[in-house]
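The structure appears right after this line, and notes come after that.
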Amino acid sequence: MNKLLIFTAPSGAGKTTIVRHLLTRFEELAFSVSATTRARRPNEIEGKDYYFLSLAQFKTLVRDGAFLEWEEVYENKFYGTLRSEVERLWNLGKCVVFDIDVKGAESIKNIYPDQALAIFVKPPSFEVLVKRLEMRRTENEDSFASRVHRAKEELLFQDNFDAVLLNDDLQRTLQEAEKMVSRFIQI
Ligand code: ADP
Ligand code: 5GP
């Protein structure tokens, strides 16, 4: 069966950290590289972290029905999962791993209810989440403020998913995440 493993959470909760770790531990997994119109961060690689697109390119793909789901996560910052990306990874026999916002996660879970496991990554508190975002130092003032604002809303969505993974102590969290993945890929 073609499987999907979805990690969702507000920005700064720790999805990317957890997903990167899992990808080193399980060769059965492969990361779904999303398309986005946001600027590339210095440490990010085109085609590995994201497909970085102009707004015009993104809109053309929307019009052509190329996306399984897409969202305007922040004002004028679009993110989407390409159908071709999921097909490509399934054709390699992989379980596809997503790092996406809560609305995108709900969309994918609704499209594939029996094949997908959707995990909400929960920070210990709103204050800790804000601290982690600050420490990451990737955002300018505007984008930091919009992430914090959106995080408040996104934290309310945790009950809509199959499981909640509390990200407090990182080592404990990674172990718990590994157990979840082991169970899911064996089914
Ligand atoms: P997301 O992908 O959800 O936006 P990241 O994985 O980028 O979140 O994590 C946000 C920041 O918090 C990063 O700097 C990361 O190193 C740090 N971080 C993640 N998990 C923990 C944790 N359990 N304890 C402390 N810092 C963490
Ligand atoms: P960032 O800019 O920090 O990489 O991501 C911002 C938010 O967009 C995060 O919540 C991230 O999970 C989400 N995101 C990344 N890719 C996608 C995608 O393809 N679709 C949706 N809906 N959200 C995405």
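Summarising the geometry of Leu155 relative to Pro10, their closest heavy-atom pair is CD2-CG, 3.6 Å, with the distance given to 0.1 Å. Minimum interatomic distance between Ser11 and Leu129 (heavy atoms only, all atoms of both residues): O-CD1, 3.4 Å. In terms of heavy-atom proximity, Leu89 sits nearest to Ala30 at CD2-CB, 3.8 Å. Shortest non-hydrogen contact noted between Trp70 and Phe67 is CD1-CB, 4.0 Å. Across Thr173 and Asp168, no two heavy atoms sit closer than the pair OG1-N, 3.5 Å. The nearest pair of heavy atoms linking Ala9 to Ala13 is CB-CB, 3.5 Å.
Among pairs with a residue in residues 102-113, those fulfilling salt bridge (Lys or Arg N to Asp or Glu O under 4.0 Å) read Lys109-Asp162, at least two apart in sequence or across chains. Within the structure, the salt bridge (Lys or Arg N to Asp or Glu O under 4.0 Å) test picks out the following pairs touching residues 48-58 (sequence neighbours left out): Arg20-Asp49.
Not a single donor-acceptor pair under 3.5 Å links the side chain of Glu46 to the backbone N or O of Tyr51. Proximity of a side-chain donor or acceptor of Lys15 to a complementary backbone N or O of Phe98 within less than 3.5 Å is not detected. Between the side chain of Arg172 and the backbone N or O of Leu166, at least one donor-acceptor pair lies under 3.5 Å.
There is no path of hydrophobic side-chain contacts, each under 4.5 Å, that joins Leu133 to Val128. Hydrophobic clustering, with ILVMFWY side chains joined whenever heavy atoms are under 4.5 angstrom apart, keeps Val164 apart from Ile100. The cluster map of Ile, Leu, Val, Met, Phe, Trp and Tyr, joined by side-chain heavy atoms under 4.5 Å apart, puts Phe7 and Leu29 in the same cluster. In the hydrophobic clustering of ILVMFWY residues, with side-chain heavy atoms under 4.5 Å counting as a link, Ile6 and Phe161 come out apart. A chain of hydrophobic side-chain contacts below 4.5 Å, direct or via other Ile, Leu, Val, Met, Phe, Trp or Tyr residues, connects Trp90 to Leu92.
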Ignoring hydrogens and angles, write down the donor-acceptor pairs under 3.5 Å from the side chains of residues 178-187, residues two or more places apart or on other chains.
residue : atom : partner : partner atom : Å
Glu178  : OE2  : His21   : NE2          : 2.7
Glu178  : OE2  : Arg25   : NH1          : 3.2
Ser182  : OG   : Glu178  : O            : 3.1

Using distance only, find each side-chain donor-acceptor pair of residues 72-82 under 3.5 Å and give its atom names and separation, not counting sequence neighbours.
residue : atom : partner : partner atom : Å
Glu72   : OE2  : Asn76   : N            : 2.6
Thr81   : OG1  : Glu69   : OE2          : 2.6

Please output the side-chain donor-acceptor pairs of residues 114-124 that fall under 3.5 Å, not counting sequence neighbours, one pair per line with the distance.
residue : atom : partner : partner atom : Å
Gln115  : NE2  : Asn2    : O            : 2.8
Lys122  : NZ   : Gln158  : OE1          : 3.0

For residues 53-65, please give each side-chain donor-acceptor pair under 3.5 Å, one per line with the distance, not counting sequence neighbours.
residue : atom : partner : partner atom : Å
Ser54   : OG   : Gln57   : N            : 3.1
Ser54   : OG   : Gln57   : OE1          : 3.3
Gln57   : OE1  : Ser54   : N            : 2.8
Thr60   : OG1  : Ala56   : O            : 2.9

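Scored by the side chain to side chain donor-acceptor pair (under 3.5 Å) test, Thr16 finds Asp99 as partners (sequence neighbours excluded). Partners of Arg40 under the side chain to side chain donor-acceptor pair (under 3.5 Å) rule, at least two apart in sequence or in another chain, do not exist in this structure. Residues forming a side chain to side chain donor-acceptor pair (under 3.5 Å) with Glu44 (at least two apart in sequence, or on another chain): Arg38. For Phe31, there are no ring pair (Phe, Tyr, Trp, His ring centres under 6.0 Å) partners at least two apart in sequence or on another chain. Among residues two or more places apart in sequence or in another chain, the ring pair (Phe, Tyr, Trp, His ring centres under 6.0 Å) test is passed with Phe52 by Tyr50. Applying the side chain to side chain donor-acceptor pair (under 3.5 Å) test to Arg132 and every residue at least two apart in sequence or in another chain returns nothing.
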key: Worked check of side-chain contact (heavy atoms from CB on, under 4.5 Å) between Lys152 and Arg150   = CA-CA 5 Å; Lys152 261 216 165 109; Arg150 191 178 169 97; over 6 Å; no
I'd like to know whether Cys95 forms a side-chain contact (heavy atoms from CB on, under 4.5 Å) with Leu4, so could you lay out the CA-CA distance, the side-chain angles of the two residues, the decisive distance to 0.1 Å, and finally the verdict. CA-CA 6 Å; Cys95 166; Leu4 312 94; over 6 Å; no
Kindly indicate, with the supporting measurements, whether the criterion side-chain contact (heavy atoms from CB on, under 4.5 Å) is fulfilled by Arg137 and Arg41. CA-CA 10 Å; Arg137 298 181 180 279; Arg41 295 174 189 152; over 6 Å; no
ask   = Stepwise, does the side-chain contact (heavy atoms from CB on, under 4.5 Å) test hold for Ile18 with Asn167?
value = CA-CA 9 Å; Ile18 295 165; Asn167 183 16; 4.3 Å; yes
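Under the 4.5 Å side-chain criterion, counting only non-hydrogen atoms from C-beta, Asn160 is not in contact with Val102. Side-chain atoms of Tyr112 and Lys3, non-hydrogen and from C-beta on, never get closer than 4.5 Å to each other.
The CG atom of Leu5 sits 13.5 Å away from atom NZ of Lys94, with the distance rounded to the nearest 0.5 Å. Interatomic distance, OG1 of Thr17 versus CZ of Arg136, reported as 8.0 Å (0.5 Å rounding). Between the CD atom in Glu28 and the CG atom in Leu23 there is a gap of 11.5 Å [rounded to 0.5 Å]. Glu71 contributes atom CD, which lies 5.0 Å from atom CG of Asp101 (distance to the nearest 0.5 angstrom).
Salt bridge present: Glu85 and Arg88 bring a charged side-chain N and a carboxylate O closer than 4.0 Å.
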